[in-house]
Amino acid sequence: MPLIEVDGLRHAIAGRPVLDIPHWSVEAGRHCLLLGPSGSGKTTLIHALAGLKRPDQGRILLDGQAMWDLNAAGRDRLRGRLIGIVFQTLHLVPALDVGQNLHLARWLAGLPRDARAVAQALDRVGLGARLSAKPEHLSQGEKQRVAIARAVVTAPKLILADEPTSALDDENCGLVLDLLLEQATVCGATLLVATHDERTRARITDRLELPKLSAPVGRAPKEGHAA
Amino acid sequence: MNTLGLAWAYLKRSALTTCLNVALLALGVGTIVVLILVGTQLQDRLAKDAAGVDLVVGAKGSPLQLILSALYQIDIPTGNIPLSQAQALAADPLVAQAVPLALGDSFRGYRIVGTDPSFVALRHAQVAEGRLWQAPMEVTVGAQVARAAGLKVGDQFNGNHGLSAGGAVHEGMPYTVVGILAPTGGVVDRLVLTPIDSVWAVHDAHHHHHDGDDHDAHEHQADGAEPAQQAPEREVTSVLLRYRSPIAAALLPRRINTGSVLQAASPAAEMTRLLSLVGIGTDTVRGFGLLLVASSALSIFVALYNATQARRYDLAVMRALGATRTRISGLLLAEALAMGTAGTALGLVLGHSAVELAGRLVPQARDMGITGLQFPATEPYLLILAAGLSVLAALVPAIQAYRTDVSAVLSRG
């Protein structure tokens, strides 16, 4: 059973088609890039996969579960249980310290409180000492690492990263990708990175290329494969 | 991590706004608590001290002053009346009971009242220790007097001239404590009771020692109607009456007020008049308290509304981390409720402490027996009101957060 299975997915925003994926699947453990210029629907696909944005048509199976057959609360639970998300803008909760941000992620995912899991996740990104620092006192690089630790502390099966490197210089881009891959491997998660960043192409071989759809199309575009 | 912990983290982050909201609510609730406490205790006290007395008779003057001085012992008397007239009233067939009172002296601010032992029965007081007074210069003291002055049976003390503390001491005429009354919660607790003869004896001695000094508080009030140059004419300050039959209510006050130098005042009528006068003031203050509570609810609403705008991305990220919509709305409700509960609790503490403090420090409040350690049955409603208002304040932000399109917020972020 593939981890992600998408069939006949179509979505339009204000009448303009942004997504048209007849079939696409990702096997567990096969990290995958989601490539395409901006406006090609990468974020829309990520949000559709995460159960945050209902697509106009199509079916999404996550770990065998049809995401959009669930009600709102069910989608929230499935997302919390299966998915870890890394945002481009990171956005840690500023009212909480680093450790609490990780505890928050576990709590919202419906997992029991586990101080050891939090400490380990921070240790693994090299921030074991910053457990009680407030996000505003962290450097950008540290925030990036906390965001990754927060995504993996719930032991997700799928990590969605939306443009995680586009704001970074070459060196940090490499570091973040290394960290993402490493952390995904440690917790046994499959990594799906949406990016238009050319620098990521060498690191992950599987990919889904999303074309920019300019006009309503009746014909399916090139099918993406990731298996 | 849980909803309360998260709410606490956010409240702490905007500590200034949180404190302002809590303080506003606390002030509003505190004001209302003070009003409720003082109002109920005042009315209880007024009703209790008036129970069993149908009519108060004293010297001419303000009827309200007569009631306040004779019944509640909080104002100065209107003057004195001749003993013979008081005795004539007691013998009247319309009167079931007549209790004379003679005022003039005090002990540490507590009034020394010359009266019959029937006064104790009228007030439903009971002797806790010792016995009632019998001979002149024997006193039975109220519970509060005994406690405040540390008096025991067998102790002796000198009275002060006048009704307030600080008057000249009546040297050489000590009173002896023969009994202490059990607490009644009424005016008796604050009185020193003695035979009327004691009051006369002390003042005869006083006039003897201070020739030409006529600074008796009651004589000041005497309105010239009863010149005091003839010593033998005995006087009392007022008489508390109980009617024998309802007909007396129709006949007696009229007869006394028109036919003699005396004045009769009905406690019920005067208290109704007093409360209607005071009522306008308390209504205003109560309105002010409600205004404070309402403005704090509005302030909580604005704070939460701004917070949901400023925190839109935070809330969206929490949704992305798996938070259900209910949980996000619950977070905002929890923040509002936390502020509401804290404000109300603080307001209750403030209100009760303020009243208790006033009851201990302000002599007038102490005389009224005001205490902050009483918890009226209306207070739970205040809690419900404040909690309801804070939930109402959180409702719009919570619904907004509930309906947020997470995907749209995240895309824009």
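Being a predicted model, the structure only gives us computed values, none of them experimental. Every chain is numbered from 1 and lettered A, B, ... according to where its sequence line falls, protein lines coming before strand lines. Heavy atoms only: backbone and side chains are in, while hydrogens, waters and symmetry mates are out.
Interface summary for chain B: among A:T43, A:L96, A:L78, A:I46, the most heavy-atom pairs under 4.5 angstrom belong to A:L96. Counting heavy-atom pairs closer than 4.5 Å to chain A, the top residue among B:N2, B:L6, B:D405 is B:N2. Heavy-atom pairs under 4.5 Å with chain A peak, among B:K12, B:M318, B:R327, B:R311, at B:R327.
Atom CG of B:L16 sits in a sparse spot, with 12 or fewer heavy atoms from other residues, nucleotides or ligands closer than 6.0 Å.
Looking at A:I85, only its side chain comes within 4.5 Å of chain B, counting heavy atoms on both sides. Residue contact with chain B, scored on non-hydrogen atoms closer than 4.5 Å, involves the side chain of A:A72 exclusively. Both the backbone and the side chain of A:H91 come within less than 4.5 Å of a heavy atom in chain B. If you measure heavy-atom distances from A:R75 to chain B, you find no contacts under 4.5 Å at all. Contact of A:P94 with chain B is made through backbone and side chain together, with heavy-atom distances under 4.5 Å.
Going from atom CZ of A:R79 over to atom CG of B:L321 covers 9.0 Å, rounded to the nearest 0.5 Å. Separating the OG atom in B:S411 from the CG atom in A:D162 is a distance of 8.0 Å, to the nearest 0.5 Å.
Using a 30° and 60° split on the angle between ring planes, A:F87 and B:Y313 fall in the perpendicular class, above 60°.
Residues of residues 118-130 of chain A never come closer than 4.5 Å to chain B when only heavy atoms are counted.
Residues passing the ring-ring contact (aromatic ring centres under 6.0 Å, His included) test with B:Y381: none are found, sequence neighbours excluded. In this structure, the side chain to side chain contact (heavy atoms under 4.5 Å, CB included) partners of B:V391, at least two apart in sequence or on a different chain, are B:L333, B:L337.
For the pair B:R319 and A:D76, the salt-bridge criterion is met [side-chain N within less than 4.0 Å of a carboxylate O].
With A:R77 contributing its side chain and B:G322 its backbone, the two residues share no donor-acceptor pair below 3.5 Å.
Residue pairs meeting the salt bridge (Lys or Arg N to Asp or Glu O under 4.0 Å) criterion with at least one member in residues 38-48 of chain A, sequence neighbours excluded, are A:K42-A:E163.
Residues A:Q88 and B:L410 have side chains not in contact (no heavy-atom distance under 4.5 Å, counting atoms from C-beta outward).
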